[in-house]
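Written out below as structure tokens is the structure these notes cover.
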Amino acid sequence: NALILSRSRRWPLMIDPQLQANAWIRRSNAEHLKILRLTQANYARELESAITLGRPVLLENIGEALDPLLEPLLQKAKFKA
């Protein structure tokens with residue numbers, strides 16, 4: 001998992017039924033980790049804030065369909081303002 005996290009072109013999607021990767025991410029990024037769920041009312045604002053501040057984000061309990069808002073983020077798309 002660590003190799004996939006560090007070398008992939010896209011952000012990794014971990015299917016983690018035993019919650020081992022979840023626990024590892026929580027331990028390794030404990031100080032600044034922002035944990036979000038797509039069911040939260042303000043997840044988009046919280047996600048934007050974390051990205052702006054350069055904080056790591058863990059999206060939990062994602063269903064089969066992703067919010068289109070996440071597509072550019074998952075592709076590591078970069079936009080210049």
Side-chain angles (χ1 to χ4, degrees):
N1 285 337
L3 183 61
I4 292 170
L5 280 171
S6 63
R7 301 289 181 194
S8 67
R9 281 187 263 152
R10 298 180 79 182
W11 296 112
L13 174 63
M14 294 183 192
I15 300 170
D16 188 23
Q18 296 175 343
L19 301 178
Q20 291 175 346
N22 190 316
W24 177 73
I25 290 171
R26 286 173 183 256
R27 278 193 311 274
S28 64
N29 296 297
E31 286 185 37
H32 303 290
L33 182 65
K34 185 68 179 173
I35 301 168
L36 298 174
R37 292 191 170 125
L38 298 182
T39 56
Q40 288 176 281
N42 63 343
Y43 95 89
R45 182 167 289 139
E46 294 284 335
L47 180 63
E48 180 183 6
S49 174
I51 291 170
T52 302
L53 296 173
R55 309 270 187 203
V57 176
L58 175 63
L59 294 173
E60 291 185 322
N61 300 334
I62 296 176
E64 290 185 29
L66 290 175
D67 187 345
L69 172 75
L70 297 174
E71 191 61 33
L73 177 66
L74 293 174
Q75 292 180 357
K76 292 187 178 182
K78 296 177 184 174
F79 301 98
K80 292 184 180 184

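The model shown is predicted, which means the values in this text are computed figures rather than measured ones.
Atom CG in L47 sits 6.0 Å away from atom CG in L36 (nearest 0.5 Å).
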Sequence neighbours left out, cut at 3.5 Å: what donor-acceptor pairs do the side chains of residues 55-63 make with other protein atoms?
residue : atom : partner : partner atom : Å
R55     : NH1  : H32     : ND1          : 2.5
E60     : OE1  : R26     : NH2          : 3.4
E60     : OE1  : R37     : NH2          : 3.1
E60     : OE2  : N22     : ND2          : 2.9
E60     : OE2  : R26     : NH2          : 2.5

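Under the side chain to side chain donor-acceptor pair (under 3.5 Å) criterion, Q40 pairs with no residue at all, not counting sequence neighbours. Partners of E31 under the salt bridge (charged side-chain N to carboxylate O under 4.0 Å, His left out) rule, at least two apart in sequence or in another chain, do not exist in this structure. Among residues two or more places apart in sequence or in another chain, the side chain to side chain contact (heavy atoms under 4.5 Å, CB included) test is passed with R45 by none.
Sequence neighbours left out, the pairs with a member in residues 61-75 that pass salt bridge (Lys or Arg N to Asp or Glu O under 4.0 Å) are R10-E71.
Taking every heavy atom of both residues into account, Y43 and L69 meet most closely at OH-CD2, 3.8 Å.
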